[in-house]
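Single-structure report; data block below.
Computed from heavy atoms alone, side chains included, the values below leave out hydrogens, waters and symmetry copies. Everything quoted here is computed from the prediction, not taken from an experiment.
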Amino acid sequence: MLKQHLQFKLSQKLSPQQIQLMKLIQLPTQAFEQRLKQELEENPALEGGKEELESDYDSDFDNSNDEFNDSETIGNDDINVDEYLSDDEIPDYRTQANNYSSDDEEKTMPYAAGTSFTQHLINQLNTYRLDDEEYEIAEFLVGSVDESGYIRRSLPDIMDDLAFTQSVYTTEEKIGKVLKIVHQLDPAGVGARNLQECLSIQLHRKEKTPDIELAIEIIDSAFDQFTKKHYDKLIQKFDISEIQLKDAIREIEHLNPKPGGSYAGNNKIVEHVVPDFAIRIVDGELELTLNGRNAPELHVSREYNNMLKGYKESSDKSKSQKDAVLFIKQKLDAAKWFIEAIKQRQQTLFVTMSAIMHYQEEYFLTGDERNLKPMILKDIADEISMDVSTVSRVANSKYVDTPYGTKLIKEFFSESMTNDQGEEVSTREIKKILETVIEEEDKRKPLTDETLASILKEKGYPIARRTVAKYREQLDIPVARLRKKI
């Protein structure tokens with residue numbers, strides 16, 4: 001039996017121009033400048049700086065369309081743009097219509113200059129007297145060092161890899177012997193297989209003092225008790241005073257748990273933040289400004305416009321001339337669109353940030369995070385009649401310079417909860433109070449999550465212990481046991 005079904009499907013597909021506008025909006029200042037530079041290089045009809053004379057582009061462009069409606073005009077169906085226009089002459093937004101998300105974009109960031117971390121270690125190997133086999137093993141071990149400075153692989157695994165990939169057939173004992181040489185390289189602690197070994201290597205390379213010797217004993221023979229902060233057991237085990245233990249722990253705290261991270265040439269990403277907005281308090285009122293680098297002066301090339309005008313006035317209109325004018329028109333059209341898109345970007349950024357500033361006016365006037373109101377993306381989107389995704393693009397990638405430091409805009413957004421007075425308060429406010437309570441606690445007897453929940457309840461914020469634990473973890477604060485000090 002044949003059945004027929006009628007199905008309606010509503011779908012919306014963004015145009016290439018809309019997609020590019022969204023991408024422009026999400027770009028922070030520095031990335032936007034790079035995008036602008038790229039467009040100026042790709043489109044000769046777009047020029048930067050002020051235009052000396054008012055352009056007649058609009059009228060010339062509109063009128064020139066008439067030239068393609070008379071008998072001499074080549075119909076659109078007869079024109080193959082590819083014959084006279086190469087892809088690399090067309091800006092990306094004129095040819096691509098892929099609805100990619102922001103995560104699909106290739107992002108580039110500046111890197112710290114210098115020799116790579118691996119090469120830095122290999123250069124040091126050359127100062128040791130090693131036979132061919134030892135050097136190959138040492139080079140392989142150095143190549144296995146991760147960005148933190150550790151070799152997180154067992155000796156049997158390394159032995160197998162040496163055999164399969166380097167055709168070096170050796171023993172665990174030989175690898176262990178060479179590994180001790182790697183442990184002599186700088187920075188101290190490099191090549192360790194775990195934190196305990198990393199700290200031990202660093203301590204053994206220090207000048208021996210009573211505090212250092214005790215620290216070595218603690219790390220080498222009581223590491224588990226040390227990490228769990230069982231200080232009473234350590235005092236009893238080594239028959240020492242609390243002061244002696246405190247001095248030894250101070251030496252350990254001065255060590256570097258990630259020796260690889262201290263080397264400037266390890267291609268560690270360096271991100272430079274340029275505020276996209278600035279908020280100042282002038283006569284008790286908030287004043288918002290958009291970074292001037294986001295508002296470039298652009299105009300359509302008069303030279304290209306004159307070419308179009310010259311074709312219009314010419315009596316001889318050959319096919320090659322018409323092909324050329326199609327190219328010119330396309331570049332002018334692209335330039336005009338880009339200028340308009342930049343204006344829309346400026347307006348969107350300013351309107352969005354202005355709404356956020358007024359929504360959080362009390363915070364921006366005081367700098368007190370407890371004055372941050374609950375605010376979600378939809379609150380701002382409704383306020384300015386824009387899509388939530390547009391507000392998200394502004395909030396997630398932009399920074400604002402305030403009297404209290406440079407802040408990522410998304411930090412001003414937070415969920416809400418109800419206090420014991422029935423008032424809606426920001427979870428940021430609760431986190432700030434929680435952070436303050438923990439800072440002021442007695443570190444000899446840190447407060448448990450259950451106790452913290454009781455304290456917050458007394459202050460008017462009835463939240464569960466598991467919620468306190470969640471907020472504490474979000475603030476990157478360890479559990480009470482690990483906050484204990486002597």
Side-chain angles (χ1 to χ4, degrees), residues 117-118 120-125 127-130 134 137-159 162 170-264 266 478 481-486:
F117 186 33
T118 302
H120 170 68
L121 297 175
I122 289 175
N123 290 344
Q124 294 179 67
L125 284 179
T127 65
Y128 290 83
R129 184 168 294 176
L130 304 170
E134 288 173 336
I137 295 171
E139 195 173 34
F140 188 83
L141 288 171
V142 163
S144 301
V145 173
D146 66 16
E147 60 183 11
S148 296
Y150 289 81
I151 296 177
R152 303 185 191 272
R153 308 178 66 206
S154 67
L155 294 186
D157 286 344
I158 292 173
M159 184 179 69
L162 278 166
T170 185
T171 63
E172 289 184 37
E173 289 73 24
K174 188 70 174 282
I175 296 171
K177 178 186 172 184
V178 176
L179 183 59
K180 288 181 180 178
I181 295 173
V182 173
H183 288 166
Q184 296 175 35
L185 305 179
D186 288 325
V190 73
R193 286 160 290 178
N194 52 54
L195 178 60
Q196 181 180 10
E197 188 172 51
C198 178
L199 299 178
S200 179
I201 291 169
Q202 294 179 58
L203 286 169
H204 279 284
R205 287 175 63 170
K206 285 181 173 287
E207 182 183 348
K208 299 300 182 289
T209 65
D211 292 340
I212 294 295
E213 289 178 348
L214 177 56
I216 290 173
E217 283 191 78
I218 291 172
I219 294 301
D220 287 351
S221 62
F223 185 71
D224 189 53
Q225 291 170 324
F226 167 72
T227 56
K228 292 179 178 176
K229 298 199 173 185
H230 292 161
Y231 297 136
D232 293 339
K233 291 181 180 179
L234 291 174
I235 290 172
Q236 185 178 357
K237 179 180 176 69
F238 297 107
D239 191 21
I240 54 176
S241 68
E242 191 175 287
I243 293 176
Q244 287 176 299
L245 178 60
K246 189 180 290 186
D247 290 341
I249 290 175
R250 187 180 298 113
E251 293 290 347
I252 296 171
E253 288 175 340
H254 287 159
L255 303 176
N256 185 359
K258 293 184 178 181
S262 64
Y263 184 69
N266 65 348
R481 177 171 52 79
L482 298 179
R483 300 200 305 272
K484 186 178 180 181
K485 292 185 179 180
I486 57 171

Which pair of heavy atoms, one from [X] and one from [Y], lies closest together, and at what distance?
X      : Y      : value
Cys198 : Pro259 : SG-CD, 3.7 Å
Gly191 : Val145 : CA-CG2, 4.4 Å
Leu234 : Ala222 : CD2-CB, 3.6 Å
Ile201 : Ala192 : CD1-CB, 4.1 Å

Not counting sequence neighbours, which residues clear side-chain hydrogen bond (donor to acceptor under 3.5 Å, both in side chains) with [X]? List them please.
X      : value
Glu134 : none
Gln196 : none
Asp146 : Arg152

How many angstroms lie between [atom1] in [X] and [atom2] in [Y], if you round to the nearest 0.5 Å?
X      : Y      : atom1 : atom2 : value
Leu155 : Met159 : CG    : CE    : 9.0 Å
Ile122 : Glu139 : CD1   : CD    : 5.0 Å
Tyr231 : Ile240 : OH    : CD1   : 11.5 Å
Leu195 : Phe223 : CG    : CZ    : 4.0 Å
Lys246 : Glu251 : NZ    : CD    : 14.5 Å
Ile235 : Ile243 : CD1   : CD1   : 10.5 Å

Student check: side-chain heavy atoms of [X] and [Y] closer than 4.5 Å:
X      : Y      : value
Ser221 : Lys237 : yes
Phe226 : Ile249 : yes
Asn256 : Lys258 : yes

Would you give me the side-chain donor-acceptor pairs under 3.5 Å for residues 212-220, sequence neighbours excluded?
| from | atom 1 | to | atom 2 | distance (Å) |
| --- | --- | --- | --- | --- |
| Asp220 | OD1 | Ser200 | OG | 2.8 |
| Asp220 | OD2 | His204 | NE2 | 3.2 |

With Leu141, the side-chain contact (heavy atoms from CB on, under 4.5 Å) member among Ile181, Leu185, Leu121, Ile158 =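 The side-chain contact (heavy atoms from CB on, under 4.5 Å) with Leu141 is passed solely by Ile158 among Ile181, Leu185, Leu121, Ile158.
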
So, [X] side chain and [Y] main chain: donor-acceptor pair closer than 3.5 Å or not?
X      : Y      : result
Gln244 : Ser241 : yes
His183 : Gly189 : no
Lys208 : Lys206 : yes
Thr127 : Asn123 : no

ask   = Does any pair with a residue in residues 181-201 pass salt bridge (Lys or Arg N to Asp or Glu O under 4.0 Å), and if so which ones, sequence neighbours excluded?
value =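 Found Asp186-Arg205, Arg193-Glu197.
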
Can you give each donor-acceptor pair under 3.5 Å made by side-chain atoms of residues 170-180, sequence neighbours left out, with the distance rounded to 0.1 Å?
| from | atom 1 | to | atom 2 | distance (Å) |
| --- | --- | --- | --- | --- |
| Thr170 | OG1 | Glu133 | OE2 | 3.4 |
| Thr171 | OG1 | Lys174 | N | 3.1 |
| Lys174 | NZ | Glu133 | OE1 | 2.9 |

